[in-house]
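Labels below follow one simple rule: chain letters A, B, ... track the order of the sequence lines, proteins then strands, and each chain is numbered from 1.
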Protein chains: 2
Amino acid sequence: MESNNDKPSTPTNAGSTGSPGTQAQAKGFQAVRKAHQSEIVEDYVELISDLIEQCGEARPVDIASHMGVTQPTVVKNLARLQRDGFITREKYRSIFLTKTGADLANICRHRHRIIVAFLLHLGLDAETAEHDAEGLEHHVSNKTLAAFEAALEK
Amino acid sequence: MESNNDKPSTPTNAGSTGSPGTQAQAKGFQAVRKAHQSEIVEDYVELISDLIEQCGEARPVDIASHMGVTQPTVVKNLARLQRDGFITREKYRSIFLTKTGADLANICRHRHRIIVAFLLHLGLDAETAEHDAEGLEHHVSNKTLAAFEAALEK
DNA sequence: TCCTAAAGTTAGCCATGGCTAATCTTCTAT
DNA sequence: ATAGAAGATTAGCCATGGCTAACTTTAGGA
Ligand SMILES: [Mn+2]
Ligand SMILES: [Mn+2]
Ligand SMILES: [Mn+2]
Ligand SMILES: [Mn+2]
């Protein structure tokens, strides 16, 4: 999976190959890429959960308007969610979360709310807080989330 | 480019089609998708700028190890950066930033540093701060960035 | 000088996640 | 009861951004 760039010899270029700082930076970028893979799943299960709460059911057309994408895009993403065990569904019927999906939704909603609360606490308006939280939530480590919560306590 | 979902008629399901909250949420998701499009460009120009500073030149092999990807991946992404006017290069030679690329690098570095400083200010360790900043930096609006700076002043 | 290892490139594979166009199903209102 | 609208699906397109394998070029050291 990884390349073994740990030759101490002929480091043509200074301060690059596999230095501790380099590796740490690479880890950061890899974490970002990993977060992007989970992102759609997280946003979808959270939205589906909200729609079931608020509307009684989660339909592709509503997911599409909330996500700002077309219905075929929703259908395609729902197929992945089903494949990966987060939802169950039958053709032309509304969508249900599996236990796995519902659990993930709760975790995501919790995370989301902490971030929004933290941004509001910093003095931002509600719209900006919601707007930015939608992206930030996927890149906040547990440590940082805890720091946000701690700041809210004070 | 956009679909016109502003039918006030027959909203079969309550509280969904084009309601103000729904549209605001959609705007948030759209902003996240847009951020993801600029992300690679931003991270690459910032890294290239750093490598030129620290090593005297930016070579694909070093970009690869810092980004945690393979060299062919770097080459492909560099082709896009060149196509879009952020870098210039000749085959088998190291990479240079255009004015556009260098300006963007400076903006990104500035942003990056503010976020790291803010996370450190919250009490996080340096590694976590750098790690999380790598993702967060692409999802912080100007308003939120300003709020971070304000918090640092105090 | 020239051989070889490292660096760079190319080709080609795959998954993701957007989109439009066209079709099919469901549901509602007459 | 049924026609038409709204919703759902399918098919097929495209760009992105990972990867491996194979090849070419460059450059350092014997
Ligand atoms: Mn992101
Ligand atoms: Mn989100
Ligand atoms: Mn969310
Ligand atoms: Mn980044």
Taking [atom1] from [X] and [atom2] from [N], how many angstroms apart are they, rounded to a whole number?
X	N	atom1	atom2	result
N77(B)	dC19(D)	CG	C1'	12 Å
M67(A)	dC19(C)	CE	P	10 Å
R59(B)	dA6(C)	CZ	P	12 Å
I63(A)	dG18(C)	CD1	C1'	16 Å
D43(A)	dT16(C)	CG	P	16 Å
Q30(B)	dG18(C)	CD	P	10 Å
I87(A)	dA8(D)	CD1	P	13 Å
E57(A)	dG7(D)	CD	P	12 Å

So, for L78(B) and I63(B), which heavy atoms are closest and what is the spacing to 0.1 Å?
->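 It is CD2-CD1, 4.3 Å.
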
Would you list the pairs meeting ring pair (Phe, Tyr, Trp, His ring centres under 6.0 Å) in which at least one residue belongs to residues 134-154 of chain B, sequence neighbours left out?
->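 For residues 134-154 of chain B, and leaving out neighbouring residues, the ring pair (Phe, Tyr, Trp, His ring centres under 6.0 Å) pairs sorted by first residue read H139(A)-H139(B), H36(B)-H139(B), F118(B)-F148(B).
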
Please figure out whether R83(A) or T73(A) has its closest DNA chain C nucleotide nearer the 5' end.
->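 On the 5' side of the pair lies R83(A).
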
Which pairs pass salt bridge (charged side-chain N to carboxylate O under 4.0 Å, His left out) with one or both residues in residues 82-91 of chain B, sequence neighbours excluded?
->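 Counting only pairs at least two positions apart or across chains, no salt bridge (charged side-chain N to carboxylate O under 4.0 Å, His left out) contact touches residues 82-91 of chain B.
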
Give every residue pair that meets the salt bridge (charged side-chain N to carboxylate O under 4.0 Å, His left out) criterion with at least one member in residues 92-121 of chain B, sequence neighbours excluded.
->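 For residues 92-121 of chain B: D50(B)-R109(B), K99(B)-D103(B).
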
Partner set under side-chain contact (heavy atoms from CB on, under 4.5 Å) for I40(B), not counting sequence neighbours |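 Once residues adjacent in sequence are excluded, the partners of I40(B) under the side-chain contact (heavy atoms from CB on, under 4.5 Å) criterion are Y44(B), N77(B), R80(B).
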
Enumerate donor-acceptor pairs with a distance under 3.5 Å from any side-chain N or O in residues 120-134 of chain B to protein atoms, sequence neighbours excluded.
unit_1  : atom_1 : unit_2  : atom_2 : d
D125(B) : OD1    : T128(B) : OG1    : 2.7
D125(B) : OD2    : E127(B) : N      : 3.4
D125(B) : OD2    : T128(B) : N      : 3.1
D125(B) : OD2    : T128(B) : OG1    : 3.0
E130(B) : OE1    : H112(B) : NE2    : 3.0
D132(B) : OD1    : S141(A) : OG     : 3.4
D132(B) : OD2    : S141(A) : N      : 3.0
D132(B) : OD2    : S141(A) : OG     : 2.7
D132(B) : OD2    : T144(A) : OG1    : 2.5

N/O-N/O pairs, protein side and nucleotides 9-11 of chain D side, under 3.5 Å:
unit_1  : atom_1 : unit_2 : atom_2 : d
dT9(D)  : OP1    : R89(A) : NH2    : 3.1
dT9(D)  : OP1    : Y92(A) : N      : 3.3
dT9(D)  : OP2    : R89(A) : NH2    : 3.0
dT10(D) : OP1    : K91(A) : NZ     : 3.2

